[in-house]
Undergrad: 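After the structure tokens below, expect a handful of questions from me.
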Amino acid sequence: MNNKILCLSAALILTVVSCKDDKTADVTASTETVNTYTGTPMSDEYDAKIDSIVGQMTLEEKIGLLHGYSMFTNEGVERLGVPEVHMADGPLGIREELQRMSWAPLGLDNDFATYYPAGAGLSAAWSPELAHTFGRSIGEEARARGKDVLLAPAFNIIRTPLGGRTYEYMTEDPFLNKTLIVPYVVGVQENNVAACIKHYAANNQETNRGTVDVLMDERTLREIYLPAFHDAVVKANAYSVMGAYNKFRGDYLCENRYMLQNILRDEWGFKGVVISDWDAVHTTKKALEAGTDLEMGTNAPSFSEFWFANPLLKAVKEGTVSEAEVDKHAKRILKLLFNVKAMGNTDSRAKGSLATEAHYKDAYNIAAESVVLLKNNENLLPLNTKEVKSIAVIGANATAKHSQGGFGAGVKTKREVTPLEALKAKLPQSVTINYAEGYKTLFKPKKEMKFGEVTQEAKETITDLDPAMVTEAVEAAKKSDVVVLFVGANRDYETEASDRIDLSLPFGQEKLIAAVKAANPKTIVVFVAGAPYDINSVEKENSTIVWSWYNGSEGGNALADILLGTVNPSGKLPWTMPKQLADSPAHATNSFPGTESVTYKEGILIGYRWFDTKNVEPLYPFGYGLSYSTFKLENAKADKKSYKEDDTITVTVDVKNTGKQDGKEVVQLYVSKAESAVERAAKELKGFNKVMIKAGNTEKVNIKVPVKELAYYDENSKGWVVEKGNYTFKLGNSSKNITQEVTVNVE
Ligand code: BGC
């Protein structure tokens, strides 16, 4: 095989492509690769059989399929060979087995799983290939644990930096979101497990999530909040969708005909199962007829009292809901079971595997590409272990474990390597570690609260430092050559069911950072967190800042490898870090959190779209992240001058690694349209490509942009419109650092 063929075939699998002796070798774009990820559509081949099985069922049996019968299953029909649908959370790994009738753990010793990086970490890696790895790997675990449906991925758009699930979700950008979600879903379903994409849709806050009515214009819905759901259904063929808690335009999402029937089924052709979020159904007839198939929730007062249980039986008997309606939903559930081989061809069903070394390696690979180097002004990083003889490792996050917490996003795992453990294992013996905890963490409810009622105000927390701990930290800092200070948040502070009240760093950490920095100017501040914080003072006073995430079983190892330079950082922020909360669009427009309703007043100008269009300086922009190398973009050009609507534009740019270390860069392509019939964001991400480039080498990088991707949603014609005229493609390595421009024309 010649070198070029080898490179191209490798590129189909990995983004890491380096063709030593061919400096301008084409690099297959990540965005090009992702378009080749398509899932298997649901097959209709079992339909006749399904009709016959449902035909043999009693009304009670059919209704049993449509509601929770234990916390994470519906009811099967044993006499007809119909198993229960086994579901499991969640996005960070397969949740431990719970009691059938309560949220209490079952206490098994065979349900330890791999803890994978949280969504924010996965998206910071900007790699569709790693998103596929993630989906495949977690799907294997779901299968090994006997699941039919994985309640993941969770990818609601990050509208406010305060969002409690920001760490669990992916990004503020719809293009990055969909580009990662498609391969994730495909990966999960390769294992004969249905992905349940959640939470459909416009579920962007935890405050009043069970009641709030979300209002936005149609264009914003289509351009910002739906694209990833659309692609997950249309391209990845997700087999199930989770209806969200909140209302949308007056109707709960689990009884929202517009969202569940008109868009999901009629427009997108969804053939799968709509599963309610837990306790998100509020009616029988309306919810069922709108399109929810399976009502799930808490066993209170009892599963038989669920809207889709006895009340449904009564409604059918009284004639307010037809039996044909029940049949329709029962058939969808059987269709899912056949399509994941839980029925029919069960012998050929994937077996999966759980918590294997290969899965830990998957988690490591994702974590290693997700860490974001925010600042390295004095080149304290990577740590030079030849010169450094002592390191102060300070901060609760050096030893904290983050796999548990966040309701459905908790993972019971045997392996979670902390940063301190990893540094101890990886540093040469000649280096002494001086450890100090630095600060205490506490964040727990002040009183017993019901599920879904938790708010930040109702928490007991620590805001002041313990002087003795500060003294200990300062002493450790003084006697060490360099300090690595692990701060940030935890999974109590950032969690489902509550949004944060502000951006401040919890537990008095800001003061600790200042004290440690004063004691030793060679301080590297490492954040472990999943959402933006106010780090202005840290930014001002410190030369070196690293951002890591709730980063999975191997998070500590990945972080240590970045600090030691074995891995060159390549993560990029998946959201904007504002200077202050009031700069963020939902807050600048005073439209968060609302009370009974919330209107998304910023419209399409979410995240960096707002900051760029309104000329507001962020602290760190979307897409930003440094490397130990530097990269230069040159000679950007498009393959033609003029394009038609069905064309695909190929933009090529030379990317030179001008540093001394091999490394990966994420080349980002944003589009701008100067003259337009509608409001346009100053920039919109429309392509990206993460590439490995050897020190001193130049790679030609392709980014493919289908012309249709340039369309806006036209509310009048209720369709997508590609405007004619000039478009400017802006290329750079963050939404702010644009160094190349190419203008193309659409005829
Ligand atoms: C969450 C879902 C989760 C479900 C079951 C809900 O509170 O919103 O994401 O899958 O609980 O644990």
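Whatever order the structure lists them in is the order used to number ligands and atoms, beginning at 1. Given the structure is predicted, the values throughout are model-derived calculations rather than measurements.
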Undergrad: Any idea how Y116 and F134 line up, ring-wise: parallel (<30°), tilted (30 to 60°), or perpendicular (>60°)?
TA: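 Ring orientation, 0 to 90° scale: tilted.
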Undergrad: Could you walk me through whether M71 and Q99 pass the side-chain contact (heavy atoms from CB on, under 4.5 Å) check?
TA: CA-CA 8 Å; M71 295 302 293; Q99 310 265 353; over 6 Å; no
Undergrad: Assess, by modelled atom type and distance only, whether the side chains of Y600 and T220 contain a donor and an acceptor separated by less than 3.5 Å.
TA: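 No, no side-chain donor-acceptor pair sits under 3.5 Å.
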Undergrad: Judged by atom type as modelled, is there a donor-acceptor pair below 3.5 Å linking the side chain of D251 to the main-chain atoms of N256?
TA: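 Side chain of D251 to backbone of N256, a donor-acceptor pair under 3.5 Å: no, none is there.
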Undergrad: Can you confirm whether or not the ring centre of Y550 sits under 6.0 Å from the ring centre of H402?
TA: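 Aromatic pair counts; centres sit under 6.0 Å.
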Undergrad: Please state whether R165 comes within less than 4.0 angstrom of ligand 1, counting heavy atoms only.
TA: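 Heavy atoms of R165 do come under 4.0 Å of ligand 1.
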Undergrad: Any idea which atoms of ligand 1 are less than 4.0 Å away from a heavy-atom of E496?
TA: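 It comes down to these atoms of ligand 1: 1 (C), 6 (C), 7 (O), 8 (O).
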Undergrad: Do ligand 1 and W103 have nitrogen or oxygen atoms that lie under 3.5 Å from each other?
TA: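 Min N/O separation from ligand 1 is not below 3.5 Å for W103.
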Undergrad: Does ligand 1 come near enough to H199 that some N or O of the ligand is less than 3.5 Å from an N or O of the residue?
TA: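 So ligand 1 has an N or O lying under 3.5 Å from an N or O of H199.
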Undergrad: If you count the atoms of ligand 1 from 1 in the order shown, which ones are under 4.0 Å from a heavy atom of F72?
TA: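 The list of qualifying atoms is 5 (C), 12 (O).
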Undergrad: Quick test of your reading of the structure: of N156, N203, D89, whose heavy atom lies closest to atom 3 (C) of ligand 1?
TA: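 Result: the heavy atom closest to atom 3 (C) of ligand 1 is in D89.
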Undergrad: Look at ligand 1 and say whether R209 reaches it with a heavy atom at a distance under 4.0 Å.
TA: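 R209 counts as a contact of ligand 1 under the 4.0 Å cut-off.
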Undergrad: Would you mind listing which atoms of ligand 1 come within a distance below 4.0 Å of any non-hydrogen atom of R95?
TA: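 The atoms of ligand 1 under 4.0 Å from a heavy atom of R95 are 12 (O).
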Undergrad: If you count the atoms of ligand 1 from 1 in the order shown, which ones are under 4.0 Å from a heavy atom of K198?
TA: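 Close to K198: 2 (C), 3 (C), 9 (O), 10 (O).
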Undergrad: Determine whether a donor-acceptor pair (N or O, by modelled atom type, separation under 3.5 Å) exists between the side chain of K412 and the backbone of L108.
TA: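 Confirmed, K412 side chain pairs with L108 backbone.
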Undergrad: Side chain, backbone, both or neither: which part of F407 has a heavy atom under 4.0 Å from ligand 1?
TA: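 Near ligand 1, F407 shows nothing, with every heavy atom at 4.0 Å or more.
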Undergrad: Taking the basic N atoms (NZ, or NE/NH1/NH2) and the acidic carboxylate oxygens, is any pair closer than 4.0 Å for E554 and R415?
TA: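 Yes, this pair counts.
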Undergrad: Counting C-beta onward and ignoring hydrogens, is there a side-chain heavy-atom pair between R332 and L294 closer than 4.5 Å?
TA: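 They are not in side-chain contact.
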Undergrad: Side chain or backbone of M242 under 4.0 Å from ligand 1, or both, or neither, by non-hydrogen atoms?
TA: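 Looking at M242 and ligand 1, just side chain atoms fall under 4.0 Å.
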Undergrad: Within a distance under 4.0 Å of any heavy atom of Y245, pick out the atoms of ligand 1 and give their elements.
TA: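 So the answer, numbered in order with elements, is 6 (C), 7 (O), 8 (O).
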Undergrad: Does only the side chain of E168 get under 4.0 Å from ligand 1, or the backbone, or both, or neither? Count heavy atoms.
TA: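 No part of E168 is near ligand 1 at this cut-off.
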Undergrad: Is the gap between the ring centers of F622 and W126 under 6.0 Å?
TA: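 Centroid distance F622-W126: below 6.0 Å, so yes.
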